[in-house]
Amino acid sequence: MSGWDKWYTNAMKLIFLGPPGAGKGTLAAKAVDSLKVPHISTGNIFRAAITAQSVLGRRVKAIIDSGKLVDDETTIALVRDRLARDDAQRGYILDGFPRTIAQAEALAGFSPVDRVVNFDLSDAAVLERLGGRRTCRNCGANFHVLFGRPKQEGICDSCGGELYIRNDDREEAVAKRLEVYREQTAPLIGYYREKGLLVDVDAGPASDTVLGNFRKSLGIAG
Ligand code: AP5
Ligand code: MG
């Protein structure tokens, strides 16, 4: 298969579902290399707005820091606009959206997806991953003090930006995020399973193994 054939064969509209810290952002950043589709993370978009101190950023900062969800209306409008752009017409990886049934129903109306990948991870592993995460303030890349160390302490390998600890990785906010996940987001697993769109992938192993299993389960050429 030529490079171009592979590019077109692999293009898909995907949702990455899973608890906080499951590795959605880390895996999406790796998967887009072969899929050649944009990685669209609502969390990254909100954090960039907070850094820029835009109107949106100022409005959502306290909500995000506390681990609660931004309201559906704001989030749906943001994703609808982002998916209308040219680069999202062939496919995309949606990371962190939808997070409620209302968001899933809205998405089905403006951009039906091909598959939903459910990255499953135990609460104990979630705590270990979020407890050691370091995020780039500039590009949003994720590192870990044990499982994915940057080449130079405190500096992003991809863009040279400063690594920091997300406010919502504090213990109280993580507990809230897990509670919100169970109550509002986990019901999407059944919702998409019933529609025949769900693919389960164990997020427990090392990220390259998880990525390989993700590719195999979707038949994606490497
Ligand atoms: P968001 O940024 O989406 O946060 P999240 O869903 O809680 O997920 P995370 O980003 O914490 O985890 P991840 O699965 O991406 O894991 P990562 O790859 O970093 O949302 C943040 C907030 O924004 C929400 O709480 C809400 O307020 C708001 N928001 C966003 N979307 C919204 C929506 N649709 N509606 C309403 N509000 C919304 O990995 C975690 C760590 O583990 C890293 O350190 C990484 O290096 C490491 N790691 C990754 N994979 C592995 C592996 N296989 N083995 C070992 N370590 C690993
Ligand atoms: Mg993420």
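Start at 1 and go down the list; that is how both ligands and their atoms are numbered.
- For the residue pair Arg215 and Ser34, a side-chain donor N or O sits within less than 3.5 Å of a side-chain acceptor on the partner.
- The distance criterion of under 3.5 Å between nitrogen or oxygen atoms is not met by Asn44 with respect to ligand 1.
- Looking at Gln184, its side chain never comes within 3.5 Å of a backbone N or O of Val180 through a donor-acceptor pair.
- The shortest N/O to N/O separation between Arg99 and ligand 1 falls below 3.5 Å.
- When only modelled atom types and interatomic distance are considered, Arg59 and Thr74 share a side-chain donor-acceptor pair under 3.5 Å.
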Salt bridge (charged side-chain N to carboxylate O under 4.0 Å, His left out) between Asp208 and Lys30, intermediate numbers included | CA-CA 9 Å; Asp208 285 340; Lys30 290 173 186 266; 3.2 Å; yes
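- At least one heavy atom of Pro20 sits closer than 4.0 Å to an atom of ligand 1.
- Atoms of ligand 1 found under 4.0 Å from any heavy atom of Phe97 (numbered from 1 in listed order, with element): 34 (N).
- Near Gly96, meaning under 4.0 Å from any of its heavy atoms, are these atoms of ligand 1: 31 (N), 32 (C), 33 (C), 34 (N).
- By the criterion of a heavy-atom distance under 4.0 Å, the side chain of Thr75, and not its backbone, is placed next to ligand 1.
- Close approach to His144 involves these atoms of ligand 1, each under 4.0 Å from a residue heavy atom: 44 (O), 46 (O).
- An N or O contact shorter than 3.5 Å links Pro205 to ligand 1 by distance.
- Listed for the Thr42 side chain is a donor-acceptor partner under 3.5 Å among the backbone atoms of Gly96.
- Residue Arg177 comes nearest to Pro20 through the heavy atom pair NH2-CB, 3.5 Å, listed as atom of the first residue, atom of the second, then distance.
- When only interatomic distances are considered, the shortest N/O to N/O separation between Leu69 and ligand 1 does not fall below 3.5 Å.
- Considering both main-chain and side-chain atoms, Ala22 comes within under 3.5 Å of ligand 1 through a nitrogen or oxygen pair.
- Nearest protein heavy-atom neighbour of atom 49 (C) of ligand 1: Thr26 OG1, 3.5 Å.
- For ligand 1 and Asp168, the ligand atoms under 4.0 Å from any heavy atom of the residue are 21 (C).
- At least one heavy atom of Ala206 sits less than 4.0 Å from an atom of ligand 1.
- The existence of a salt bridge linking Asp200 and Arg193 is confirmed by a sub-4.0 Å separation between a basic side-chain nitrogen and an acidic carboxylate oxygen.
- Looking at Asp157 and Arg149, no side-chain N of the basic residue comes within less than 4.0 Å of a carboxylate O on the acidic one, giving no salt bridge.
- Between Arg129 and Asp169 there is no salt bridge, since none of the side-chain N atoms of the basic residue sits less than 4.0 Å from a carboxylate O of the acidic one.
- Here the two rings, on Phe16 and Phe214, have centers that are under 6.0 Å apart.
- The nearest protein atom to atom 35 (N) of ligand 1, hydrogens excluded, is given as Gln103 NE2, 2.9 Å; this is a heavy-atom distance.
- Nearest non-hydrogen protein atom to atom 9 (P) of ligand 1 is Arg133 NH1, 3.3 Å.
- For Gly18, the closest heavy-atom approach to ligand 1 does not fall below 4.0 Å.
- Proximity to Arg47 (heavy-atom distance under 4.0 Å) selects the following atoms of ligand 1: 2 (O), 21 (C).
- A donor-acceptor pair is defined here as one N or O able to donate and one able to accept, closer than 3.5 Å; such a pair exists between the side chain of Arg170 and the backbone of Asn167.
- Looking only at heavy atoms of the protein, atom 31 (N) of ligand 1 is closest to Thr42 OG1, 2.7 Å.
- Distances between N or O atoms of Ser207 and those of ligand 1 include at least one value under 3.5 Å.
- Taking atom 15 (O) of ligand 1 as the reference point, the nearest protein heavy-atom neighbour is Gly25 N, 2.9 Å.
- Among protein heavy atoms, atom 44 (O) of ligand 1 sits closest to Phe143 O, 2.6 Å.
- Between Gly23 and ligand 1, at least one N/O pair is under 3.5 Å apart.
- Closest to atom 26 (C) of ligand 1, if we only count protein heavy atoms, is Lys68 O, 3.4 Å.
- With respect to Arg182 and Glu179, no salt bridge is recorded, no charged nitrogen being found less than 4.0 Å from a carboxylate O.
- Of the N or O atoms in Ile63, none lie within a sub-3.5 Å distance of an N or O in ligand 1.
- When each atom of ligand 1 is checked for a heavy atom of Phe147 under 4.0 Å away, the hits are 55 (C), 56 (N).
- A salt bridge is absent between Lys24 and Asp95; no separation between the charged side-chain nitrogens and carboxylate oxygens falls under 4.0 Å.
- Put simply, the side chain of Arg58 gets close to the backbone of Gln53: a donor and an acceptor are under 3.5 Å apart.
- Under a 4.0 Å N-O distance rule, the pair Asp168/Lys68 does not qualify as a salt bridge.
- The closest protein non-hydrogen atom to atom 10 (O) of ligand 1 is Arg166 NH1, 3.0 Å.
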